[in-house]
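Report on the structure given below.
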Amino acid sequence: ETGVTQTPRHLVMGMTNKKSLKCEQHLGHNAMYWYKQSAKKPLELMFVYSLEERVENNSVPSRFSPECPNSSHLFLHLHTLQPEDSALYLCASSQGSGGGNEQFFGPGTRLTVL
Amino acid sequence: GQQLNQSPQSMFIQEGEDVSMNCTSSSIFNTWLWYKQDPGEGPVLLIALYKAGELTSNGRLTAQFGITRKDSFLNISASIPSDVGIYFCAGRGNAGNMLTFGGGTRLMVKP
């Protein structure tokens with residue numbers, strides 16, 4: 001238990017569906033991250049929020065839309081996804097977004113797009 | 001951008017053997033982190049390194065921050081079946097504040 005929870009743990013959706021992934025951290029951190037983990041590829045950073053403000057957006061397609069309503073919660077809204085978006089989506093948090101601050105990961109949401 | 005090469009990609013060893021894996025960077029890093037990921041879970045931080053030459057242990061795990069600041073090593077002594085998983089290195093260089101992750105080393109331990 002790392003103090004970062006993610007729901008749902010598994011999600012199957014069609015290409016026309018709209019769904020949301022949720023992340024919650026109980027560590028008092030002020031930075032949160034979304035990563036995508038595909039088979040045989042390194043972890044890909046998608047978004048970074050620091051003090052509820054987006055500070056990084058790594059050329060992620062607009063069909064992924066993040067939301068950070070407060071420093072403890074992070075959402076990833078999904079719509080009209082493609083099969084190649086199937087992956088493990090990991091949320092992480094840290095105290096501060098820079099300086100290699102240690103990031104603590106949630107268990108991930110395994111997403112399958114049909 | 002920064003690239004991290006992690007090797008080996010996979011290892012299949014006998015229980016009790018020592019394990020060594022490493023990461024190399026195309027540029028200088030200021031921080032090295034080592035994570036382990038169990039199947040169906042997120043990565044868990046094992047060891048953090050902040051200074052060139054630093055050698056840090058966590059139980060049977062030992063990691064070193066290379067003197068050149070372009071590499072890091074993780075050693076596991078006397079492996080046990082629960083060491084099975086994927087080990088990732090991650091580093092931060094001068095070009096930005098975000099972490100770059102290696103491709104992972106998949107470790108399998110035969111009892």
Side-chain angles (χ1 to χ4, degrees), chain A residues 1-10 21 23-25 27 29 31-50 54-60 74 87-112, chain B residues 1-10 21 23-52 54 56 58 63 65 69 72 85-106:
Chain A
E1 180 62 48
T2 63
V4 182
T5 58
Q6 287 186 245
T7 55
R9 293 293 308 271
H10 300 273
L21 309 185
C23 175
E24 185 173 357
Q25 58 96 2
L27 301 169
H29 289 165
M32 297 186 78
Y33 311 75
W34 279 117
Y35 285 88
K36 177 183 178 183
Q37 187 176 36
S38 306
K40 312 217 177 196
K41 290 173 78 173
L43 276 164
E44 300 172 61
L45 180 64
M46 300 175 71
F47 301 104
V48 181
Y49 276 83
S50 177
R54 192 191 306 182
V55 296
E56 185 95 8
N57 176 348
N58 267 0
S59 304
V60 180
L74 184 65
L88 182 68
Y89 288 85
L90 290 161
C91 172
S93 71
S94 68
Q95 186 56 33
S97 63
N101 290 303
E102 297 157 14
Q103 293 179 21
F104 293 83
F105 285 84
T109 294
R110 172 68 62 187
L111 174 67
T112 302
Chain B
Q2 295 166 336
Q3 292 188 9
L4 270 188
N5 292 313
Q6 186 171 348
S7 65
Q9 288 188 343
S10 62
M21 60 192 79
C23 273
T24 57
S25 168
S26 56
S27 54
I28 289 173
F29 272 25
N30 295 323
T31 301
W32 285 98
L33 306 175
W34 284 93
Y35 288 86
K36 182 193 177 198
Q37 185 173 24
D38 290 326
E41 299 295 331
V44 173
L45 183 65
L46 299 173
I47 293 178
L49 302 161
Y50 300 107
K51 224 157 104 171
E54 183 179 351
T56 298
N58 178 4
F65 193 140
R69 295 168 64 193
S72 179
I86 304 177
Y87 292 80
F88 291 97
C89 62
R92 181 190 72 90
N94 292 326
N97 289 329
M98 295 303 123
L99 289 178
T100 300
F101 282 83
T105 294
R106 182 181 296 273

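Throughout, a chain's letter reflects where its sequence line sits, starting with A, and its residues are numbered from 1.
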Fill in: Atom pair OH/CE of A:Y49 and A:M32 - distance to nearest 0.5 Å
11.0 Å

Discussion item. What part of A:Q6 gets within 4.5 angstrom of chain B, counting heavy atoms only: side chain, backbone, both, or neither?
Written reply: neither

Worksheet item: Salt bridge or not for B:E41 and B:K36, using N-O below 4.0 Å?
Response: no

Worksheet item: Parallel, tilted or perpendicular: which describes the rings of A:F104 and A:H29, with under 30° parallel and over 60° perpendicular?
Response: tilted

Worksheet item: Pick from B:G42, B:G102, B:A48: which one has the most heavy-atom pairs with chain A under 4.5 Å?
Response: B:G42

Response to the item:
Of A:L88, A:L43, A:L45, the largest count of non-hydrogen pairs under 4.5 angstrom with chain B goes to A:L43

Practice prompt. Measure distances from B:Q37 to the heavy atoms of chain A and classify the residue's part below 4.5 Å as side chain, backbone, both or neither.
Written response: side chain

Fill in: B:F101 and B:F88 aromatic ring geometry - parallel, tilted or perpendicular at 30°/60° bounds
perpendicular

